[in-house]
Each structure stands twice: as C-alpha cells, then as structure tokens.
Amino acid sequence: MKPINDRVVVKPAPAEEKTAGGIIVPDTAKEKPQRGEVIAVGPGKEGNAMTVSTGDIVLYGKYAGQELKHEGQDLLIMREDDILIIL
Amino acid sequence: MKPINDRVVVKPAPAEEKTAGGIIVPDTAKEKPQRGEVIAVGPGKEGNAMTVSTGDIVLYGKYAGQELKHEGQDLLIMREDDILIIL
Amino acid sequence: MKPINDRVVVKPAPAEEKTAGGIIVPDTAKEKPQRGEVIAVGPGKEGNAMTVSTGDIVLYGKYAGQELKHEGQDLLIMREDDILIIL
Amino acid sequence: MKPINDRVVVKPAPAEEKTAGGIIVPDTAKEKPQRGEVIAVGPGKEGNAMTVSTGDIVLYGKYAGQELKHEGQDLLIMREDDILIIL
Amino acid sequence: MKPINDRVVVKPAPAEEKTAGGIIVPDTAKEKPQRGEVIAVGPGKEGNAMTVSTGDIVLYGKYAGQELKHEGQDLLIMREDDILIIL
Amino acid sequence: MKPINDRVVVKPAPAEEKTAGGIIVPDTAKEKPQRGEVIAVGPGKEGNAMTVSTGDIVLYGKYAGQELKHEGQDLLIMREDDILIIL
Amino acid sequence: MKPINDRVVVKPAPAEEKTAGGIIVPDTAKEKPQRGEVIAVGPGKEGNAMTVSTGDIVLYGKYAGQELKHEGQDLLIMREDDILIIL
C-alpha cells in the first residue's frame, strides 16, 4: 500500500473521552483533532521529504482525509500537511 | 498512448461490493474511492518524476478523470495527484 | 506559424461517430474529448520543454482552445496542458 | 518606447473580412482573434526571455491589451501571453 | 511532541488585563494578539528554517491555531506565520 | 525617499487633452493610461531587478497607485508592474 | 522584540494635519498613508532580505498592521510589504 506524493494512510484510534496522562480534546472545540497511527507514507511531493513515518501516533483535523476499508480495517488517506503533530 | 504532463490513463475495475481480503469502500462514504489499473503514464510536469507505473492497481476519487473509449475499453484520463494510493 | 509559450495549434479531425479499432467517445460523456493533429508547437513556458510534436494525433477537451481560420483550414490554438493524451 | 516586464506594444491591422490565403476569423467565433504588428517588446518578466520580436505579425484575443494613441497611431499594450501565435 | 512542517505548539498565558511594564492589548482592538510560550517547534516547510525556538514568549492572533489538551494542559497548534512577534 | 520592494514614486503630468506629436489617450477609452515622471525607484522584489529609472516618463493605468503629498507635490506610489510603458 | 518572518514593528507618529516641508496626506484620499518609525525588523521570509531598518521613518497604508501596546507605547505589527516608502 503506497500512497501518492505527500499522502499518508492513518488508522484512526477508537474514540475515547479520556486517557490517563494523554491527549484529551476539550468538549468545546468545534473541530476536534483526532488521533491515529500512521501505517503508510508517500514519497513526498515536488522533492520535499516527508516528516512522518510508519508507526507514528499523530493528531489530525476532524475532517481530514478520505475513508477506505482495507482487509476489514477502517483507514483514512490524507495529505501529510493535514497532520498537526506527532505525539 | 502517451499522456501529457502528469496525466495517467486508468482502466477502472468493474464495480463490486465486496472482495475477499481486499478493499471495501464503506457504504456511508459520500465520495467513494474507485479502483483501477494504470495502463499509461505521462512524463511528469515541470521536472517532477511520476510515482505510478503501468500495471499498478490504484485507488482514485469517484469523480476523478475524464472518460474515453479506446479499442472497446472504457478508460479514464486523470492527473497523477487524483490517484490516492497504489495497492 | 509559431505559437507563443506553451501554446499548440491543432487541426481538429472531422467529427465521426465510430472508428474501426479506434477511439469512440461514449455518448453519455458530458464533455467529450476531441481528436486532432498537432500542426505547430510553441517553445514552452518558463523553461519547461514541450511534450507534443508536430504530427502527433492528440485528444483534447471539448471546449479547449480558440478557433481561427488559416488558408481555408479551421484550426484551434490551445495550451499544451489542454491536451489530454497523444495517441 | 519601452514596455515594462513582459509587455508588448502592438499596432492592430485594419479590420478586414477576408484576405487571400490568409487568416479569416469565422463569423461565429464569439471572441475573434485579432491581427497586428509588434512594434515594441519589453525585457521579459522574472528572468524569462521574450518570444516575440519587433516586426512580428501576431494574433491576439479580441479583448487583449489597453489602448493608447501615440503620434497619431492607435496602439495596444498587452502582456506577451495575451498573444496567441506569430504568423 | 513533534509538530509537522511549519507548525508550532504554544502554551497560552493566562488572560490578564494589565502587566507591569509588559504588553497590554488595547480594549478597542478587534482582534487582540495573545501571549504564550512556545513548547514545541516543527522542522520547517519546504526547506525554510524556523525562527521561533522552544521557550520563546510570543504574541499571536486571537483566532490562531487549533486547541488540544495534553497531560492536563490547554495548548494551541498553529503555523509559525500565525505568530506575530517574539518578545 | 526610498520605495519598498518593487514600488515606484511617480509625479503625474498635468492633465492635457492633446500634445503635439505625443500621446493622446482616446476619449472612448474606459480606463485611460496616465503619464508621469518617475522620481524614486525601489530595490526590486525577490531578487528581480527594476526596469524603470528615475527620470523616466511613463504611462500607467488610471487607477494605479496611492496618492501622497510631499513638499507640496502630489505624488503617486505604485508597483512597477502598474507601469505600462516607458516613453 | 523580534518580529517573525517579514514582519516589522512600527511606532506610529502622532496624527498631524500639516508639517513644514513634510508629507501632507490630501484630505480627499480615501486611504491615507500613515507615518511612523520602524522599531523592530524580522529576519525576512523564504530567504529574501529586508529593506527597512530600525529607525527608518516610513509611510504605510491606513489599515496596515495589528495594534499592540508595549511598555505603554501604541505600536503596530505589519508585513514589510505593507510599508510603501522610506522617507
């Protein structure tokens, strides 16, 4: 599974309200960042290297990416710049 | 058959609801990715090399590309960046 | 006849519904690609070389280009990127 | 008379309906290309050289350029990219 | 915690109306700059180095960034260019 | 008086309807080019050199630039690209 | 006080209607340029050096910049390109 250009495949974490010592998205945020694991990374676009790697746990905007199902998994394909932060 | 710049010719896979161990697009997705085989690849645009190759099985956005019929085949011409992922 | 920048002069093929073993644009396509022969090619824009050459048979979008008549011929001037594919 | 950047001064040809063996703009074209002679050429913009030269007979879009009168002549100042073709 | 591209994580200072010899945002400003401390800095975007460093006290536009909670802290993720000034 | 980037200071010529052997803007032109003298030139923007020099007589679009009064003179500050031609 | 990228901190001059031999903005100008002193200059953006220096007296558009108060002073943060001219 090889994303094109600067695209990244992310496996979203199951929704959770609280994690011990982890990230808690405030209830009032209109566009809550989501958490997931990077499972595939494209080669980069126009000669710019990628920052994320497979296995990274990342936060991304709520509406980032396009859904697909692969071998029973719900995955997202998004551009690297839709990712906000690597935890 | 030689696409211009960063264009790619894709032969769409026949529509299917389920594949054993393969990609299943969820029913609720508004813009379902489609699956096809790359059959021709352009030289790239403004000096940027292409990532996809002839024979690659790819996913692309539902409304990507322009239809044409060639020797009885229904094909699509799209830009490489309209392709999301190489399976 | 020397097109400016990335422009190309195309001589459209006469409209035809069917060709033996050739390209048939499906009736349902809203924006049917058209077929023509390249008869003049510009030097390229901002240092990017051109891909098409004089004599190439090409497909291009239905509304691509601007019409002109030259020595009795109906021709089109378009940008190279309006061309989809070289057959 | 020295145009700035990628600008070109064109002396429009008098309107004519027909020329022997020359360019005839079809009556049905909504935006007919016009014909004129280049009489001054700018140095180019951001390091990109100019293609047209003084004396070139060119076609350009009907609404291209800005009018001015110089020593009794009606002239047009336009960007080189508003020119479609050198005849 | 590693921001992507040109993103920066900022810990907002608690709202205050006045500081001795410090920054006071005028009441009449429609979009008051906010003050915070940079706690994580991305690698930069497309080869451009970053200017801010961890520990910098910065001003940023009122609506800059996206909120997240990390280990009980309210944080903001924003692009470096959303930061106005390092104090 | 040193303009920023690609800006130029122009002293507009007094409005005149006719000049002997000079530029006459046709009455029907909706946006008449104006004439003036360049009195200050910026260093250029992003490494691109300037074409106009102090003392040049130029034409520029009617609505180009921003007015200011300096030592009793009515002047205009505009970008070099708002200038059409050096006479 | 270190502005980010191409930003500049300006201390606006007190409003005045007339200055002897100085700049007088005409009453009829819709967007009057304002006058101020540059008190801090950013490092530049994407490798382009800055033109203004600390201590420069500059004119800038009326609505340029964002207000802040620093040690009792009313200041403006703006991009260098919002500055029109160095006097």
Side-chain angles (χ1 to χ4, degrees), chain C residues 1-16 30-32 34-58 60-84 86, chain D residues 3 5-10 12-13 15-38 41-65 76-87:
Chain C
M1 197 190 272
K2 189 178 160 194
I4 296 295
N5 292 335
D6 56 345
R7 285 195 177 83
V8 169
V9 178
V10 173
K11 185 181 163 191
E16 55 187 321
K30 277 175 196 158
E31 238 187 80
K32 298 183 193 177
Q34 306 289 312
R35 188 182 184 168
E37 183 186 345
V38 175
I39 64 170
V41 177
K45 199 172 177 179
E46 288 162 24
N48 293 303
M50 299 291 275
T51 302
V52 300
S53 310
T54 300
D56 284 348
I57 305 300
V58 296
Y60 52 88
K62 189 174 185 180
Y63 303 108
Q66 235 178 316
E67 297 173 359
L68 71 102
K69 233 180 199 166
H70 183 64
E71 294 175 1
Q73 289 185 312
D74 289 310
L75 303 176
L76 285 169
I77 308 176
M78 63 186 70
R79 296 191 181 276
E80 190 191 49
D81 200 55
D82 292 329
I83 293 177
L84 299 169
I86 306 170
Chain D
N5 292 336
D6 57 345
R7 286 195 177 83
V8 170
V9 178
V10 173
E16 55 187 323
E17 287 307 305
K18 245 162 213 246
T19 61
I23 298 287
I24 305 166
V25 181
D27 292 341
T28 56
K30 276 175 197 160
E31 236 186 83
K32 299 182 193 178
Q34 307 289 311
R35 188 182 183 169
E37 183 187 345
V38 175
V41 177
K45 197 172 179 178
E46 288 162 25
N48 293 302
M50 300 290 276
T51 301
V52 299
S53 309
T54 300
D56 284 348
I57 305 300
V58 296
L59 291 189
Y60 51 89
K62 190 173 185 182
Y63 302 108
L76 285 169
I77 308 175
M78 63 186 70
R79 296 190 182 275
E80 190 191 49
D81 201 55
D82 291 330
I83 293 177
L84 300 169
I85 204 170
I86 307 170
L87 294 176

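Hydrogens, waters and symmetry mates are skipped; everything else that's a heavy atom, side chains included, is used. Letters A, B, ... are given to chains in the order of the sequence lines, protein chains preceding strands, and every chain is numbered from 1.
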> CG/D/Asp6 to CG/C/Asn5 distance, rounded to the nearest 0.5 angstrom?
Replying inline: 9.0 Å

>> I need the D/Ile86 CD1 to C/Met1 CE distance, nearest 0.5 Å.
In response: 12.0 Å

>> If you compare all heavy atoms of C/Gln66 against all heavy atoms of D/Gly61, which two are closest, and at what distance to 0.1 Å?
In response: NE2-CA, 4.3 Å

>> Minimum heavy-atom separation for D/Pro33 and C/Leu68, please, with both atom names.
In response: CG-CB, 4.4 Å

> Between D/Glu80 and chain C, which part of the residue has a heavy atom less than 4.5 Å away: side chain, backbone, both or neither?
Replying inline: both

> Mind checking what makes salt bridge (Lys or Arg N to Asp or Glu O under 4.0 Å) contact with C/Asp81, not counting sequence neighbours?
Replying inline: B/Arg7, B/Lys45, B/Arg79

>> With side chain to side chain contact (heavy atoms under 4.5 Å, CB included) as the criterion, how do D/Leu84 and C/Ile4 come out once you've worked through the C-alpha distance, each side chain's angles and the decisive distance to 0.1 Å?
In response: CA-CA 6 Å; D/Leu84 300 169; C/Ile4 296 295; over 6 Å; no

> In chain order, what residues pass the side-chain contact (heavy atoms from CB on, under 4.5 Å) check against C/Pro43, with sequence neighbours excluded?
Replying inline: D/Thr51

